[in-house]
Trainee: 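To start, I am sharing the structure in question, which I have written as structure tokens.
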Amino acid sequence: MRRYVFAEAAGGLEEVGRSVGEPGILLKLFGSERAMRSVLPPRWQVRSEGHFMILSGDMGPVPALPSEYEAVVVANGDVVEAKIRTMDGATVASGFAAEAGDCFVYDRVSTDEAHRRRGLGRAIMKMLGAARTSPGARQALVATAQGRSLYETMGWTFLSPWTTAFIPEA
């Protein structure tokens with residue numbers, strides 16, 4: 001239903017954690033699982049699921065894709081979606097990004113397992129980055145462990161663990 005994002009495990013996180021009692025609410029923290037657990041009541045389940053990363057600068061030009069793929073980029077307001085499809089139209093890699101103020105956030109970047117190790121994830125990232133309207137916008141994302149390895153080779157820097165808390169369905 002909602003997500004609350006916190007920069008630190010302090011007053012606001014603890015207050016929301018005490019006041020929320022129903023499932024469907026996610027608490028997100030730029031911090032460790034231990035820090036999150038230390039301020040929440042026991043009804044919350046906590047999992048460390050990501051790596052918050054930033055990029056200063058540019059990732060470089062969008063690479064040419066192997067001939068069996070085509071790229072599609074669609075902008076809808078401040079949200080951009082990039083897809084790589086096979087020639088028969090199946091989407092095999094995709095990602096989203098959104099620009100708000102001076103921040104450009106990448107989200108849900110993925111490549112089908114059967115199409116990995118072909119540079120498609122890297123191409124999706126560069127396609128999204130090329131769609132920024134403000135070249136000076138700060139770039140950010142939350143990566144999985146596997147994604148973090150790719151992004152570090154592209155110049156991204158790890159800043160913090162990314163931890164989520166939720167109340168499980170009864």
Side-chain angles (χ1 to χ4, degrees), residues 1-9 26-33 35-36 46-166:
M1 295 184 333
R2 287 187 304 279
R3 293 179 187 188
Y4 293 92
V5 179
F6 297 89
E8 58 184 19
L26 298 177
L27 305 181
K28 304 282 189 169
L29 174 66
F30 296 97
S32 70
E33 188 173 334
M36 177 86 88
V46 179
R47 65 177 183 244
S48 183
E49 59 183 19
H51 308 267
F52 179 66
M53 302 180 79
I54 61 167
L55 176 69
S56 299
D58 191 275
M59 289 181 282
V62 177
L65 295 175
S67 61
E68 65 267 27
Y69 299 107
E70 66 178 352
V72 177
V73 178
V74 177
N76 184 6
D78 295 333
V79 177
V80 177
E81 180 179 10
K83 294 180 182 180
I84 296 176
R85 300 189 291 213
T86 59
M87 290 307 165
D88 65 1
T91 299
V92 296
S94 63
F96 294 85
E99 192 161 4
D102 66 347
C103 193
F104 190 80
V105 180
Y106 298 76
D107 190 32
R108 293 176 282 156
V109 175
S110 66
T111 302
D112 288 353
E113 193 168 332
H115 296 269
R116 292 184 182 159
R117 304 280 182 241
R118 299 178 191 180
L120 303 184
R122 185 178 300 272
I124 288 289
M125 290 296 293
K126 291 183 177 193
M127 290 161 54
L128 292 170
R132 284 184 300 149
T133 57
S134 175
R138 292 178 287 176
Q139 298 176 78
L141 60 77
V142 174
T144 62
Q146 186 176 14
R148 178 180 172 175
S149 297
L150 168 65
Y151 303 138
E152 286 178 334
T153 68
M154 298 174 72
W156 288 79
T157 303
F158 170 80
L159 282 187
S160 169
W162 178 253
T163 302
T164 299
F166 62 97

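The structure presented is a predicted model; accordingly, all values stated were derived computationally and were not measured.
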Trainee: Do you see a donor-acceptor pair shorter than 3.5 Å between the side chains of Tyr69 and His115?
Mentor: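 Present: a donor and an acceptor within the cut-off.
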
Trainee: Side-chain contact, heavy-atom cut-off 4.5 Å: Leu141 with Val105?
Mentor: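 Of all side-chain heavy-atom pairs linking Val105 with Leu141, none is under 4.5 Å.
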
Trainee: Do Arg132 and Gln139 have side-chain heavy atoms sitting under 4.5 Å apart?
Mentor: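 The answer is yes, as the side chains (C-beta and beyond) meet within the 4.5 Å cut-off.
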
Trainee: What are the two closest heavy atoms between Ser94 and Thr91, and how far apart are they?
Mentor: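 Ser94 and Thr91 have their closest heavy atoms at CB-CG2, 4.2 Å.
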
Trainee: Please give me the minimum heavy-atom distance between Val46 and Ala165, naming the atom from each residue.
Mentor: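 Heavy atoms only, the tightest pair is CG2-CB, 4.0 Å.
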
Trainee: Nearest 0.5 Å please: distance from the CE atom of Met53 over to the CH2 atom of Trp162.
Mentor: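 Spacing of CE (Met53) from CH2 (Trp162) equals 14.5 Å.
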
Trainee: Please find the pair of heavy atoms, one from Val79 and one from Ala98, that lie closest to each other, and give the distance.
Mentor: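 Answer, listing the atom of Val79 first, then Ala98: CG2-CB, 4.2 Å.
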
Trainee: Side-chain contact, heavy-atom cut-off 4.5 Å: Thr86 with Glu68?
Mentor: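 Thr86 vs Glu68: side chains apart.
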
Trainee: Is there a donor-acceptor pair closer than 3.5 Å between any side-chain N or O of Asp112 and the backbone N or O of Ala114?
Mentor: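 No; zero donor-acceptor contacts below 3.5 Å.
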
Trainee: Answer yes or no: is there a side-chain heavy-atom contact under 4.5 Å between Lys28 and Val142?
Mentor: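 The answer is no, as the side chains (C-beta and beyond) never meet within the 4.5 Å cut-off.
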
Trainee: Taking side chain as C-beta onward, heavy atoms only, is Val109 less than 4.5 Å from Tyr151?
Mentor: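 Yes, their side chains come closer than 4.5 Å.
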
Trainee: Tell me the closest heavy-atom pair linking Ala35 and Ala9, and the distance in Å.
Mentor: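 Smallest interatomic distance, heavy atoms only, reads O-CB, 3.7 Å.
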
Trainee: Is there a donor in the side chain of Arg3 and an acceptor in the side chain of Thr164, or the other way round, less than 3.5 Å apart?
Mentor: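 No pair is found: no donor N or O on one side chain lies under 3.5 Å from an acceptor on the other.
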
Trainee: Decide side-chain hydrogen bond (donor to acceptor under 3.5 Å, both in side chains) for Thr111 and Arg117; before the verdict, give the C-alpha distance in whole Å, the side-chain angles of both, and the deciding distance to 0.1 Å.
Mentor: CA-CA 9 Å; Thr111 302; Arg117 304 280 182 241; over 6 Å; no

Trainee: Output the distance between atom NE2 (His51) and atom OG1 (Thr157), rounded to the nearest 0.5 Å.
Mentor: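 Here the interatomic distance stands at 14.5 Å.
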
Trainee: At what distance, to the nearest 0.5 angstrom, does CZ of Arg122 lie from OG1 of Thr153?
Mentor: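 Reported value, rounded in 0.5 Å steps: 4.0 Å.
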
Trainee: Between Phe6 and Met36, does the side chain to side chain contact (heavy atoms under 4.5 Å, CB included) criterion hold? Intermediate values first, please.
Mentor: CA-CA 10 Å; Phe6 297 89; Met36 177 86 88; over 6 Å; no

Trainee: Is any side-chain heavy atom of Glu152 closer than 4.5 Å to a side-chain heavy atom of Phe158?
Mentor: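 Yes - at least one pair of side-chain heavy atoms lies under 4.5 Å apart.
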
Trainee: Could you tell me which non-hydrogen atom of Val5 sits nearest to which non-hydrogen atom of Phe30, and how far apart they are?
Mentor: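 Between these two residues, the closest heavy atoms are CG1-CE1, 3.5 Å.
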
Trainee: May I ask you to check whether Glu99 and Thr133 show a side-chain donor-acceptor distance below 3.5 Å?
Mentor: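 There is such a pair between these side chains.
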
Trainee: What's the separation between atom CG in Leu150 and atom CE in Met125, rounded to the nearest 0.5 Å?
Mentor: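 The CG atom of Leu150 sits 7.5 Å away from the CE atom of Met125.
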
Trainee: Does CG in Asp102 sit with more than 12 non-hydrogen atoms of other residues, nucleotides or ligands closer than 6.0 Å?
Mentor: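 Check passes, neighbour count above 12.
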
Trainee: What pair of heavy atoms forms the shortest contact from Gly31 to Thr163, and how long is it?
Mentor: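 In this case the closest contact between Gly31 and Thr163 is O-OG1, 2.6 Å.
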
Trainee: With rounding to the nearest 0.5 Å, note down the distance linking CD1 in Ile54 to SG in Cys103.
Mentor: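 Interatomic distance, Ile54 CD1 to Cys103 SG, rounded to 0.5 Å: 10.0 Å.
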
Trainee: Determine yes or no for a side-chain-to-main-chain donor-acceptor pair under 3.5 angstrom, with Lys126 supplying the side chain and Met59 the backbone.
Mentor: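 Yes, Lys126 side chain to Met59 backbone: donor-acceptor pair under 3.5 Å.
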
Trainee: Taking the six-membered ring where the residue is Trp, are the ring centres of Trp156 and Phe52 under 6.0 Å apart?
Mentor: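 Ring centroids of Trp156 and Phe52 are no less than 6.0 Å from each other.
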
